[in-house]
Number of protein chains: 2
Amino acid sequence: MTLKDLATLLGLSPTTVSRALNGYPEVNEATRKRVVEAAKRHNYRPNTQAKRLATGRAMAIGHVIPISTQHEIVNPVFADFLAGAGEVYARAGYDMVLTIVPDDDEERAYREIRSKGNVDGIIVHAPKIHDTRIALLTDLGLPFVVHGRASGVRAPYSWVDVNNTRAFERATNFLLDLGHRRIALINGIEGMDFALRRRRGFERALSARGLVADPALMVSGEMTEAQGYAAARMMRGLADPPSAYLAASLLSAMGVRRGLEEAGLVLGRDVSVLTHDDELGYLKNGAQEPIFTATRSSVREAGRRCAAMLLRKVAAGDQSPETDLLEAVLVVGQSTGPHRALQKTG
Amino acid sequence: MTLKDLATLLGLSPTTVSRALNGYPEVNEATRKRVVEAAKRHNYRPNTQAKRLATGRAMAIGHVIPISTQHEIVNPVFADFLAGAGEVYARAGYDMVLTIVPDDDEERAYREIRSKGNVDGIIVHAPKIHDTRIALLTDLGLPFVVHGRASGVRAPYSWVDVNNTRAFERATNFLLDLGHRRIALINGIEGMDFALRRRRGFERALSARGLVADPALMVSGEMTEAQGYAAARMMRGLADPPSAYLAASLLSAMGVRRGLEEAGLVLGRDVSVLTHDDELGYLKNGAQEPIFTATRSSVREAGRRCAAMLLRKVAAGDQSPETDLLEAVLVVGQSTGPHRALQKTG
DNA sequence: AACAGAATTCAAAGCGCTTTGAATCCGTTT
DNA sequence: AAACGGATTCAAAGCGCTTTGAATTCTGTT
């Protein structure tokens, strides 16, 4: 069932039918109703490819998912991010196109996407501190929104990001207020912008109280359970071990917890653990009451925001850069408590 | 730069240029070379939409990602599965189109995909025991491959699946051989086909030794850390607690571990834990030596297989159903050991 | 009753590519 | 040297839709 078929069936021209279905004003309301009904009755759906060719719009948004060539790892937050973005696309009638690209080959991938013309815009994932994709995409003139930011890039661009610095500053302050002075930071991979910002927030809070971060208490790497476990195991054995741990992901925090409980330490009493929580669907931080005290910010919501912003840009023909800074909330769970020295007093 | 531009530039007709680039035989080799070089030099890329309209092939594969309306959860294995499938599509020049659909609205989604005609085939994820999508897609005549199977569907269809029954039968036998008799099963959601098969394998191994599964030792639900923890915590307190746990995912197993270690139990000595491991990139079961004894089967590889199979079907015009049964390997880690009663003898 | 102008509808061109059927070229054959 | 057939190349139609510019039909006026 093509547009032409439907038109013949109705005794109308394809022009009128097309206009009726696309809500153009220059068509009689009675006619429109007739057309819309016939379309529904005959289960007519305009052919996507034809529409795309005719309008020059792909009606699709591209997501380039980089795969680390060293770690062969897919960032576990993608699933939730895509779920959020997907909701928005679906509502707007857009497709979501995924491209999996080894992270040593991204530039070529973006160029190809541009010239193939199968998407109207792109979401940039996991920006590095000095991310080259931003300049590239600006150059290519392809609308894009970055999920995160790139501290090393001066030129303006559109992004949606969590206030990582502030979140970690607050988290650190929270621990400092509880009397902790030796605080460990189990961070993401150096080079990733979000990891840099989180460390900055951490250090800023410390230095505001005249403290300085101990390099021995900072690790960075893939945020896995194993990472957290290894870090906690190593640090708990130090001569002057941390009394609190700040982790960058729930998975890491779970590893930290294991490393500490293994040594007979009780979270919230003997030692504190605070983590960032992306609110992933399959990794809940407790049902009602949170298990870990955490800075919480939904990745899924970030996905929605990114998608909505990009669609706005696409509709408006790019326009001036837009930004959206989400604040994480600090939720208090059972994994933190006052420093031991303070507990007797309490 | 369009095909026409390129043709004019070369003093050739669009026909010849098109044929030269697409490898048709009726074009002079010298001409072809000239065309290919010019195309590269001018960075020519055929417009995807135009190509699609002309050929009638979408050059894209659809993945419908159901989102549980109750749990708002995105299956955490998707990311890795898509990574695997994406590799294959990229090599074949296919796009991957994701559609996020609430799981109460799937039928409409599939019908719409079909009539919009923007994909050449579909991968069906997370089949239920009586999955209606299989009949629907067969009906719609859209090529598809199921990742998993639906025990309740009699008609033949194409699928790629892990031999879940066998994996869990072997796992159970492994534990039985170690002297365990009270074995707990921490399973996925009832209703999912894979969960049914796993339970079957579990029960089959038990009954082969004249044992019968104790309902008190079986739980099923979302495979989260919290699930595992809750189950272990509850079961360890039973009058006759299990001496071994069989978990359906690494996340669950991590929860089980916590629930057991919390009670001072040492894995591999006091109690055994065996889990299924999907080899997710961000959830490694140890680096070299596995932490958990596990039945291991890569979801990413399953993604590759599904994609390759579907591309074959699309190329061949569907054809007869193809199936691919992957066997999980049983890797021995540190989380299992002989039943305590047997250890003194050892 | 005739006409301007708004309201509708239509014919046809075009989006950039593939593909069919015809045309041209060129080395052989007789 | 004319005819033949394979090798190349080309013109044009078509994929299913949108959109421009023109044609037709309705209104309300005068």
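Here is how names work: the chains are called A, B, and so on, in the same order as the sequence lines, proteins then strands, and each is numbered from 1. Note that these values count all heavy atoms, side chains included, but never hydrogens, waters or copies made by symmetry.
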- Compare side-chain N and O positions of A:Ser13 against OP1 and OP2 of C:dT9 and report whether any pair is under 4.0 Å apart.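 So the side chain of A:Ser13 is outside the cut-off, no N or O lying under 4.0 Å from OP1 or OP2 of C:dT9.
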- So, is A:Thr16 close to the C:dT9 phosphate, meaning a side-chain N or O under 4.0 Å from OP1 or OP2?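 So the side chain of A:Thr16 is outside the cut-off, no N or O lying under 4.0 Å from OP1 or OP2 of C:dT9.
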Could you tell me how far apart [X] ([atom1]) and [N] ([atom2]) are, to the nearest whole angstrom?
X        : N      : atom1 : atom2 : result
A:Glu26  : D:dC26 : CD    : P     : 18 Å
A:Arg34  : C:dT8  : CZ    : P     : 14 Å
B:Tyr24  : D:dA7  : OH    : C1'   : 18 Å
A:Leu10  : C:dC10 : CG    : C1'   : 15 Å
A:Asn118 : C:dC17 : CG    : P     : 14 Å
A:Leu3   : D:dG14 : CG    : P     : 17 Å
A:Arg57  : C:dG14 : CZ    : P     : 23 Å
B:Asn47  : D:dC15 : CG    : C1'   : 13 Å

- Residue that, paired with B:Val160, satisfies side-chain contact (heavy atoms from CB on, under 4.5 Å) out of B:Leu325, B:Asp324, B:Ile123, B:Leu310: B:Asp324
- B:His147 ring center within less than 6.0 Å of B:Phe78 ring center: no
- Query: Going by modelled atom types, is there a donor-acceptor pair between the base of C:dT19 and the side chain of B:Thr15 at under 3.5 Å?
  - Reply: yes
- Side-chain donor/acceptor contact of B:Arg19 with base of C:dT20 under 3.5 Å: yes
- Item | A:Glu107 with A:Arg111: basic N within carboxylate O range, under 4.0 Å | yes
- Salt-bridge criterion met for B:Lys128 and B:Asp131 (N-O under 4.0 Å):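 Not counted as a salt bridge, because no side-chain N and carboxylate O are separated by less than 4.0 Å.
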Options [options], nucleotide nearest the side-chain atoms of [X]:
X       : options                : result
B:Tyr44 : D:dC17, C:dT20, C:dC17 : C:dC17
B:Lys51 : C:dT18, C:dG16, D:dT18 : C:dT18
A:Thr2  : C:dT9, C:dC17, D:dC17  : D:dC17

- Note on the structure: Nearest heavy-atom contact between B:Val146 and B:Pro127 is CG1-CG, 3.7 Å
- Message: By nearest heavy atom, map B:Ala54 and B:Thr31 onto DNA chain D; which one lands nearer the 5' end?
- Response: B:Thr31
- Item | DNA chain D: 5'-proximal contact among B:Val27 and B:Leu53 (nearest heavy atom) | B:Val27
- Query: B:Thr55 near the nucleic acid: base, sugar-phosphate alone, or nothing, with a heavy-atom cut-off under 4.0 Å?
  - Reply: sugar-phosphate
- Message: What's A:Gly117 touching, base or sugar-phosphate or nothing? Going by heavy atoms closer than 4.0 Å.
- Response: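 It contacts nothing in the nucleic acid.
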